[in-house]
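Below is one structure, written out as structure tokens; comments come after it.
Quick note on labels: first sequence line is chain A, next is B, and so on, each numbered from 1. Please read these numbers as outputs of a predicted model, since none were measured by experiment.
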Amino acid sequence: MYASTVRGLLVRGMLAGLIAGLLAFAVAYVVGEPPVDGSIAVEEAQAAHAGHGAVSEEAAEEEAVSRPVQSTAGLATGVLVYGVALGGIASLAFSFALGRLGRFSPRATAALTAAAAFTTVYLVPFLKYPATPPAVGNPDTIGKRTTLFFLMILLSVLLGIAAVIAGRRLAPRLGNWNATLTAGAGFVAVVAVACLFLPTNDDSVKAGFPAALLWEFRIASLAIQAVLWAVFGIVFGVLAQRLLAPRAANTRPAVEQTAPATG
Amino acid sequence: MAEAVVSASVSTPSVPVPAALPVRTVLPWAVFVGLLALIALYFVGAEQGATSVFAGTDVHEWVHDGRHLLGFPCH
Ligand SMILES: [Zn+2]
């Protein structure tokens with residue numbers, strides 16, 4: 001019974017992730033592609049101007065998949081796989097959180113899970129290592145930048161889980177409100193200290209890259225993720241509520257059925 | 001399990017709080033699906049960047065725009 005519930009939640013999480021991915025793709029195509037194209041134009045202009053070996057090689061590499069394909073089918077593949085994969089993970093995080101966070105309905109638990117995932121998987125890592133458009137970074141440091149980025153996600157997720165557990169432990173003593181504030185403050189404090197001590201990506205943006213274009217790209221990236229997680233939270237909340245609500249409503253008859261057996 | 005449901009419904013009869021799913025039921029799903037999802041995310045976010053499972057740049061080029069816009073370090 002419980003296994004089928006978890007499986008049902010997983011399927012619904014992946015479906016909600018797919019729907020969220022479709023909307024996020026629409027946002028990415030409309031507001032994300034113009035700054036990506038702009039950055040590639042900057043890259044090509046620099047390559048043409050300087051005739052720099054490494055840069056022109058990179059520009060040639062870009063031809064392997066044409067720009068119209070990268071900005072449609074390629075972009076859709078990336079965003080949809082991201083949506084489905086994280087939708088699946090989020091539905092399992094929800095399965096752990098359900099009934100353990102306090103007096104929250106499945107729908108409210110789904111919204112909290114989505115907000116927590118957006119914050120820990122994207123927002124916190126973004127604040128330390130923000131998204132960079134094509135042509136901005138130094139190809140020699142991709143290994144270091146990738147390691148730091150994934151390390152930041154891992155750290156942020158683990159700290160988030162620790163904060164939730166700490167909050168639940170403190171709740172009986174401090175009350176729900178103060179326990180949540182205390183755990184939240186602890187999360188922010190530890191994240192701030194981690195951001196201070198983790199190395200910065202000095203070379204993630206090349207000097208002279210247009211600041212307005214960089215800003216436009218980063219806001220677009222933020223918008224894509226905000227839409228992805230908002231849609232996921234709402235859609236998964238509806239689906240999870242529908243799956244779990246009949247069970248919650250049927251608990252009384254179920255208890256009555258077992259009662260005569262014991263009596 | 002039944003006890004948890006009863007105590008939840010007794011304290012707030014208007015809003016039934018869902019019973020928690022047992023950790024031992026969720027855990028195998030979480031490990032298995034988590035692993036598959038992380039592999040999928042690796043191919044979207046990092047393959048043929050810092051590390052490569054397949055030679056060439058086709059995977060990188062195909063998901064290139066998504067990789068940048070989703071926030072992954074690319075090039
Ligand atoms: Zn790139």
Side-chain angles (χ1 to χ4, degrees), chain A residues 2-3 5-7 10 28 32-33 36 58 61-62 64-65 70-71 74-75 77-79 81-82 84-86 88-89 92 95-96 98-100 103-106 122 125-126 129-134 137 139 142-143 145-147 149-150 204 220-221 224-225 244 248-249 251-252 254-255 258, chain B residues 1-6 8-51 56-75:
Chain A
Y2 283 120
T5 305
V6 176
R7 195 179 58 224
L10 174 63
E33 280 301 330
V36 169
E58 238 174 71
E61 244 174 60
E62 228 86 56
V65 177
Q70 276 186 335
S71 66
L75 178 64
T77 308
V79 178
V81 170
Y82 186 88
V84 173
L86 280 166
I89 294 177
L92 291 160
S95 301
F96 282 119
L98 185 73
R100 292 191 172 93
R103 323 208 61 84
F104 293 110
S105 66
Y122 181 74
F126 177 85
Y129 303 117
T132 49
I142 181 66
R145 284 185 287 129
T146 303
T147 308
F149 183 71
F150 282 96
S204 63
S221 176
I224 291 162
Q225 291 274 357
L244 297 164
T251 46
R252 257 176 204 289
V255 169
T258 54
Chain B
M1 290 172 255
E3 289 83 352
V5 173
V6 170
S9 57
V10 163
S11 47
T12 47
S14 55
V15 187
V17 172
L21 296 161
V23 170
R24 66 175 184 281
T25 312
V26 185
L27 204 58
W29 289 95
V31 171
F32 180 64
V33 174
L35 211 62
L36 287 181
L38 287 180
I39 291 168
L41 289 173
Y42 165 79
F43 278 99
V44 171
E47 165 70 357
Q48 293 168 354
T51 53
T57 58
D58 290 349
V59 175
H60 175 119
E61 291 303 326
W62 185 264
V63 297
H64 176 267
D65 286 22
R67 188 173 289 189
H68 278 280
L69 284 167
L70 290 167
F72 294 104
C74 186
H75 71 271

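The closest donor-acceptor contact from the side chain of B:Gln48 to the backbone of B:Val59 lies under 3.5 Å. Looking only at distances, a side-chain donor or acceptor of A:Arg100 sits under 3.5 Å from a matching main-chain atom of B:Leu21. The backbone N or O of B:Trp29 lies less than 3.5 Å from no partner atom in the side chain of A:Arg7, so there is not a single donor-acceptor pair.
Distance check: A:Tyr82 OH to A:Ile224 CD1 gives 10.5 Å after rounding to the nearest 0.5 Å. In this structure, A:Glu33 CD and A:Gln70 CD are separated by 8.5 Å, a value rounded to the nearest 0.5 Å.
For a residue to count as touching a neighbouring chain, one of its non-hydrogen atoms must lie under 4.5 Å from one of that chain's; by this rule B:Phe72 touches chain A with backbone and side chain alike. Residue B:Ile39 does not touch chain A at all, counting heavy-atom pairs closer than 4.5 Å. Residue contact with chain B, scored on non-hydrogen atoms closer than 4.5 Å, involves the backbone of A:Phe104 exclusively. Of the atoms belonging to A:Phe126, not a single heavy atom falls under 4.5 Å from chain B. When heavy atoms are compared at a cutoff of 4.5 Å, A:Leu10 approaches chain B solely by way of its side chain, counted from C-beta outward.
Note on B:Ala30, B:Ala40, B:Gly66: by heavy-atom pairs under 4.5 Å with chain A, the leading option is B:Ala30. Chosen from A:Gly143, A:Ala131, A:Ser95, the residue pairing most often with chain B at heavy-atom distances under 4.5 Å is A:Ser95. Residue with the most contacts toward chain A among B:Thr25, B:Asp65, B:Val44: B:Asp65 (heavy-atom pairs, distance under 4.5 Å). Heavy-atom pairs under 4.5 Å with chain B peak, among A:Ala220, A:Gly74, A:Gly99, at A:Gly74. In terms of heavy-atom pairs under 4.5 angstrom with chain A, the leader among B:Val33, B:Val63, B:Leu70, B:Asp58 is B:Leu70. Between chain B and the residues A:Pro130, A:Pro133, A:Pro125, the largest count of heavy-atom pairs under 4.5 Å involves A:Pro133.
Looking at B:His68 and B:His64, their side chains do bring a donor and an acceptor atom within 3.5 Å of each other. At a cut-off of 3.5 Å, with distance as the only test, a side-chain donor of B:Trp62 or A:Thr77 sits close to an acceptor on the other residue.
More than 12 heavy-atom neighbours from other residues, nucleotides or ligands sit within 6.0 angstrom of OH on B:Tyr42.
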